[in-house]
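Step one of this worksheet: look at the structure below.
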Amino acid sequence: EDKVVQSPLSLVVHEGDTVTLNCSYEVTNFRSLLWYKQEKKAPTFLFMLTSSGIEKKSGRLSSILDKKELFSILNITATQTGDSAIYLCAVLNNAGNMLTFGGGTRLMVKP
Amino acid sequence: GAGVSQSPSNKVTEKGKDVELRCDPISGHTALYWYRQRLGQGLEFLIYFQGNSAPDKSGLPSDRFSAERTGESVSTLTIQRTQQEDSAVYLCASRQGAGLGTQYFGPGTRLLVL
């Protein structure tokens, strides 16, 4: 059975800190890994990673995939209170017909 | 059928027209999700149903988008007054229980707005 595990479960930091969120997976026939941010509403798409070792960056957020070790990290630098959310990792299988979500990491950024 | 099915598989429409996309989830799956995928981009979450209710509609891009589900089965996604930026593949997924977990996708509807 496909499995996606995120760590830590929750994290409390102060504004300006840098955080690293982890996502490991065991998926048959991997196609891509996706990161989402979920506040009090629907998840919003952040990144899609398909190739190993290529960093994707958007402002203070960046992510990279390691297909050999089967994990991805999401980095947030200079955190702000608006970064407080649940960050979700999901893996899409090669056939594109199955998307498995991890349990999420709840990030709280204190002023 | 055994999997999630969607219809039509392709739809070409003129700007300003309304379109209706249909999703038949796996039988017995209580949760149903709609996503949009633009060319070369990731899956954008639009809306999900638990049973016939949609607890959260905040992912819908604008008030031109609406969705409903009946009989805890078929769902329709309606886009009114289509715009060119609505062109994308619209994917439906279903899941047996609540939460995000593992979702099973249909083949998608490729929408092109001219």
Open item on the list: Is there a continuous path of hydrophobic side-chain contacts, each under 4.5 Å between heavy atoms, that joins B:Y48 to B:V89?
Closed with: yes
- [ ] Find out if a path of hydrophobic residues (ILVMFWY) with successive side-chain heavy-atom gaps under 4.5 Å connects A:V4 to A:L88.
- [x] no
Open item on the list: Would you say that A:F101 contacts B:Q103 through its side chain, given a criterion of any heavy-atom pair below 4.5 Å between the two side chains?
Closed with: yes
To the nearest 0.5 Å, tell me how far [X] [atom1] sits from [Y] [atom2].
X: B:R36; Y: A:F45; atom1: CZ; atom2: CZ; value: 12.5 Å
X: B:Y33; Y: A:L99; atom1: OH; atom2: CG; value: 9.5 Å
X: A:S32; Y: B:L43; atom1: OG; atom2: CG; value: 7.0 Å

Has [X] got more than 12 heavy atoms of other residues, nucleotides or ligands less than 6.0 Å from its [atom1]?
X: A:K57; atom1: NZ; value: yes
X: A:E15; atom1: CD; value: yes
X: B:L114; atom1: CG; value: yes
X: B:K57; atom1: NZ; value: no
X: B:E14; atom1: CD; value: no
X: A:E26; atom1: CD; value: no

- [ ] Heavy atoms only: give me the nearest B:S58-A:A42 pair and the separation to one decimal.
- [x]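 Answer, listing the atom of B:S58 first, then A:A42: OG-N, 2.8 Å.
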TODO: Provide the closest heavy-atom pair for A:M48 versus B:Q41 in the form atom of the first, atom of the second, distance.
DONE: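 In this case the closest contact between A:M48 and B:Q41 is CE-O, 3.7 Å.
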- [ ] Could you tell me which portion of A:L46 (side chain, backbone, both or neither) has an atom closer than 4.5 angstrom to a non-hydrogen atom of chain B?
- [x]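 Answer is neither: A:L46 stays 4.5 Å or more from chain B.
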TODO: Answer with side chain, backbone, both or neither: which region of A:Y36 has an atom nearer than 4.5 Å to a non-hydrogen atom of chain B?
DONE: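 For A:Y36, the side chain is the part near chain B, not the backbone.
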Open item on the list: With chain A as the partner, which of B:G59, B:G101, B:A93, B:P107 has the greatest number of non-hydrogen pairs under 4.5 Å?
Closed with: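 Sorted descending by pairs with chain A, the first entry is B:G101.
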TODO: Using atom types as modelled and distance alone, determine if a side-chain donor or acceptor of A:N97 lies under 3.5 Å from a backbone N or O of B:F105.
DONE: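 It does not hold such a pair.
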Open item on the list: Strictly distance-based, threshold 3.5 Å: is any side-chain N or O of A:T100 a donor or acceptor partner for the main-chain N or O of B:T102?
Closed with: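 No, A:T100 side chain to B:T102 backbone: no donor-acceptor pair under 3.5 Å.
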